[in-house]
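Working notes for the structure below.
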Number of protein chains: 2
Amino acid sequence: MARISDVIEVFLKELISDSKNRTIEIQRNELAKYFDCSPSQINYVLTTRFDYVHGYYIESQRGGGGYIKIKKLTMDHRDGIYAILLKEIANGITKMKGNKLIVSLQERGVISEREAKIMKAAIDDTAIISPLNIKDEIRANILKNMLAAVLG
Amino acid sequence: MARISDVIEVFLKELISDSKNRTIEIQRNELAKYFDCSPSQINYVLTTRFDYVHGYYIESQRGGGGYIKIKKLTMDHRDGIYAILLKEIANGITKMKGNKLIVSLQERGVISEREAKIMKAAIDDTAIISPLNIKDEIRANILKNMLAAVLG
DNA sequence: AAATAAAAGTCAAAGAAGGTCAAATTATTT
DNA sequence: AAATAATTTGACCTTCTTTGACTTTTATTT
C-alpha cells in the first residue's frame, strides 16, 4: 500500500504550499529519520518528483550545516519550457515518457486535469495502430501538435 | 461451467457498484491469487470487458505499491452523445468529419474551446504519418479515446 | 594545516508490482 | 465435423521503488 515515496512527496508539497516564497529547506538525514527510510530515498523522491520538468528547482549544500533547498517555479519561470519539451519529444517518445510529460504540465497548472486526460488518451497505444518502429514517431507528432495548440 | 473470466467480471462490477465514485483499486496479483488464476488472466478480463467501449476507464501503476484502478464512466445526460459518437466514428473518420464533430461538441458545451483545439490538433493529418488506408482508422481511435476520457 | 565529523550524492542490486504475447485449450458457429 | 472465436496459461519483459555500501564536499576541531 501507500508508497513511502508518495507520502514524502505529499509531505514536502504541503510544506511548500504552507511556506512563504514557495521555498523550503530541509535536512536529508532528519527527514529520512522522520520517515524511517534510507537517506537516499529522499534523493529518489527529489529526482523523480521535484526535478525541473515537474516545475521545481533544487539547491543543496553538503558538510556541517548542510541542507537541501526546494523551490517551486512559478509561471514566469515557465517561458522556455515549451522549447525544452519540444526537444525532449524530438522525433519519438514512448507512451510512458509522454504521460509523465503531460502530468508535469498539469502539476504546473499549464493544463487542466481534463486536458491532461484528453492528451493522455490521444497518445495511448491502443489508438495508434501502426508498426512499432513508427509508433513513437506518430505519438511525438500528435503530442507536439497538441502542445502547440495550447502553448504555442 | 462458469468461465473464470465471467466470475471475475461479476466480482469487479459488484465492487464498483458498492464503491463511492464508481471507482475501485485492485492489485493484480492479489486478485489472481484470490481466484487462483494466472495474473495475466486479470488483464484479459480487463481488456475484454472493461475497456472504454464497455464504458470503463483503466489506469495502472507498476513497481512497489502498484495497482490497477478501474473507473466506470458516467454517461448521464451525455449518454446519447456517447452512443452516437461510437457509431458515427466507428472504424474510420476523415479529418473533415472529425473536425465537424468536435465543433458540434463545443457548440453544445460538452467541451471547451481549448479542449476542442487540442482535439483538432491531435487528429490533424500532419501528426498521423502512415499509409492513407489506415490513417482514418488511427484518427478514429484517437478521437474515440479522447472522447471517452472526457465523458468519464 | 591536518584530522575529524557532518552533511549530502551516487550507483547498482534486489524487490515489488503490472504488461505482453503467443501457444494451448475450450466453446461456439456454421 | 470443421472452422472460428473466446479463454486460459505461462514464460519473459518493463517499470518503479527500496536499500545500502561507498564517495564527495564542507565545516569544525585539534
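Letters A, B, ... mirror the listed sequences (proteins, then strands); counts begin at 1.
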- Message: Using whole Å, what does the distance between atom C1' of nucleotide dG9(C) and atom CD1 of I58(A) come to?
- Response: 12 Å
- Is M119(A) close to V150(A) at the side-chain level, that is, under 4.5 Å between some pair of heavy atoms? yes
- Item | Integer-rounded Å distance: dA17(C) C1' and M96(A) CE | 12 Å
- Message: In this structure, how many angstroms lie between the C1' atom of dG9(C) and the CD1 atom of I26(A), rounded?
- Response: 13 Å
- Query: To the nearest angstrom, how far is L31(B) atom CG from dG18(C) atom P?
  - Reply: 10 Å
- Message: What contact category does G66(A) fall into here, base, sugar-phosphate, or nothing, at under 4.0 angstrom with non-hydrogen atoms?
- Response: sugar-phosphate
- Of T47(A) and G63(A), the one whose closest DNA chain C nucleotide lies more 5': G63(A)
- Task: Would you indicate whether the side-chain heavy atoms of I89(A) and L147(A) approach each other to under 4.5 Å?
- Result: yes
- So does N43(A) get a side-chain nitrogen or oxygen closer than 4.0 Å to the phosphate oxygens (OP1/OP2) of dG9(C)? yes
- Please check the phosphate of dT20(C) (OP1 and OP2 only) for any side-chain N or O of R62(B) closer than 4.0 Å. no
- Message: Can you confirm whether K71(A) sits close enough to E59(A) that some side-chain heavy atom of one is under 4.5 Å from a side-chain heavy atom of the other?
- Response: no
- Query: Of K100(A) and C37(B), whose closest DNA chain D nucleotide lies nearer the 5' terminus?
  - Reply: C37(B)
- Query: Taking the side chain of N29(A) as heavy atoms from C-beta outward, which of dG18(C), dA27(D), dA8(C) is closest to it?
  - Reply: dA8(C)
- Query: So, is S60(B) near the phosphate of dG19(C), with a side-chain N or O under 4.0 Å from OP1 or OP2?
  - Reply: yes
- Message: Enumerate the salt bridge (charged side-chain N to carboxylate O under 4.0 Å, His left out) contacts for residues 32-44 of chain B, please, sequence neighbours excluded, ordered by first and then second residue.
- Response: none
- Query: Do the side-chain N or O atoms of S40(B) get closer than 4.0 angstrom to the phosphate oxygens (OP1, OP2) of dG19(C)?
  - Reply: no
- Could you tell me the separation between the OH atom of Y44(B) and the P atom of dA27(C), rounded to a whole number of Å? 13 Å
- How close or far is atom P of dT14(D) from atom CG of N99(A), stated in whole angstroms? 18 Å
- Is the number of heavy atoms from other residues, nucleotides or ligands within 6.0 Å of NZ (K117(B)) greater than 12? no
- Any side-chain N or O of Q27(B) less than 4.0 Å from the OP1 or OP2 oxygen of dA17(C)? yes
- Task: Describe the nucleic acid contact of S5(A) in one word from base, sugar-phosphate, nothing, applying a heavy-atom distance below 4.0 Å.
- Result: sugar-phosphate
- Side-chain N,O (R3(B)) to OP1/OP2 (dT28(C)) below 4.0 Å: yes
- Query: In terms of heavy-atom contacts, does CG of N91(A) have more than 12 from other residues, nucleotides or ligands at under 6.0 Å?
  - Reply: no
- Is the shortest side-chain N/O distance from R28(B) to OP1 or OP2 of dA17(C) below 4.0 Å? no
- Task: Establish, with yes or no, whether the OP1 or OP2 oxygen of dT19(D) is under 4.0 angstrom from a side-chain nitrogen or oxygen of Q41(A).
- Result: yes
- Query: With nearest nucleotides of DNA chain D determined for D36(B) and P39(A) from heavy-atom distances, which residue corresponds to the more 5′ nucleotide?
  - Reply: D36(B)
- Length of the CD-P vector between E59(A) and dA8(C), whole Å: 14 Å
- I42(A) atom CD1 is separated from dA7(C) atom P, nearest whole Å, by 15 Å
